[in-house]
Amino acid sequence: MPRRGTLVAVCLSGQKGTAKEPVEMGKLVADWGLEGDAHAGTERQLSLLNEEKALQLTRAYGLPYRPGVFAENLVVRDLDLDQLQPGDRLRVGEALLEVVQRGKEAKPHHYSYHGLRLLPTDGIFCRVVKGGLVRQGDPVEQV
């Protein structure tokens, strides 16, 4: 049975190693990633993070949260990203994504938000199979 959530934010940064900034909408390009983002064109074209996990961690440390502070591209609500495995596909707005990796190696020089990192443990990395526009409020559905 398909699982469905909501896209809370689209975030990008023109530089690696920095927080990303929320934007009104983003253009996902097939086999490239999020147009204008520094990680486009890499193996991990796009990063996804659950809003619930980000809020839980920042609240535990008394920190404010805004989408993009963990360097994530897409913030998703009400879809359990922990259940996704490489090869699984998601439809987000007009785009189709394929999971390529769960988490990543955390290196000392990688970006952190006040010393905290979520992408290494809870991030989902995808490639863009079919491009299209994505914006806040779009459905995110496993297909």
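Positions are given from 1, in the same order as the sequence printed here.
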Determine whether Phe70 and Leu57 satisfy the following criterion, side-chain contact (heavy atoms from CB on, under 4.5 Å), listing intermediate values before the conclusion. CA-CA 11 Å; Phe70 289 107; Leu57 183 63; 4.0 Å; yes
Side-chain touch [X]/[Y], heavy atoms, less than 4.5 angstrom:
| X | Y | value |
| --- | --- | --- |
| Leu118 | Thr121 | yes |
| Arg89 | Val129 | yes |
| His114 | Tyr61 | no |

Can you confirm whether Gln15 is buried at CD, in the sense that more than 12 heavy atoms of other residues, nucleotides or ligands lie under 6.0 Å from that atom?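 No.
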Return yes when atom CZ of Arg59 has more than 12 non-hydrogen atoms of other residues, nucleotides or ligands closer than 6.0 Å, and no otherwise.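 12 or below, so no.
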Any link between Met25 and Val8 through a network of hydrophobic side chains (Ile, Leu, Val, Met, Phe, Trp, Tyr) touching at under 4.5 Å?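 No, Met25 does not connect to Val8 through the hydrophobic network.
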Any chain of hydrophobic side-chain contacts (each under 4.5 Å) joining Leu133 to Val143? no
How long is the gap from [atom1] on [X] to [atom2] on [Y], to the nearest 0.5 Å?
| X | Y | atom1 | atom2 | value |
| --- | --- | --- | --- | --- |
| Thr6 | Arg4 | OG1 | CZ | 7.5 Å |
| Asp37 | Lys20 | CG | NZ | 3.5 Å |
| Glu94 | Lys27 | CD | NZ | 10.5 Å |
| Lys16 | Thr42 | NZ | OG1 | 6.0 Å |
| Asn73 | Ser13 | CG | OG | 9.5 Å |

Which atoms form the tightest heavy-atom contact between [X] and [Y], and what is the distance?
| X | Y | answer |
| --- | --- | --- |
| Leu55 | Tyr65 | CD2-CD2, 3.8 Å |
| Gln83 | Arg102 | N-NH1, 4.4 Å |
| Ala95 | Gly132 | CB-N, 4.1 Å |
| Val69 | Tyr113 | O-CB, 3.5 Å |
| Ser47 | Ala71 | OG-O, 3.5 Å |

Using a strict cut-off of less than 4.0 Å between a Lys/Arg side-chain nitrogen and an Asp/Glu carboxylate oxygen, indicate whether Glu98 and Arg127 qualify as a salt bridge.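 Yes, charged N to carboxylate O under 4.0 Å.
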For Val10, the hydrophobic cluster (side chain heavy atoms closer than 4.5 Å, chained through members) also holds Leu7, Leu12, Val23, Leu28, Leu34, Leu46, Leu48, Leu74, Val76, Leu79, Leu81, Leu84, Leu90, Val92, Leu97, Val99, Ile124, Val128, Val134, Val140
[X] side-chain N/O to [Y] backbone N/O, donor-acceptor pair under 3.5 Å:
| X | Y | value |
| --- | --- | --- |
| Asp80 | Asp82 | yes |
| Gln101 | Gly103 | yes |
| Glu72 | Gly68 | yes |

Assess the residue pair Glu52 and Arg77 against the criterion (side-chain contact (heavy atoms from CB on, under 4.5 Å)); give the C-alpha distance rounded to whole Å, side-chain angles, the decisive distance to 0.1 Å, and a yes or no. CA-CA 7 Å; Glu52 296 88 347; Arg77 177 186 302 142; 3.4 Å; yes
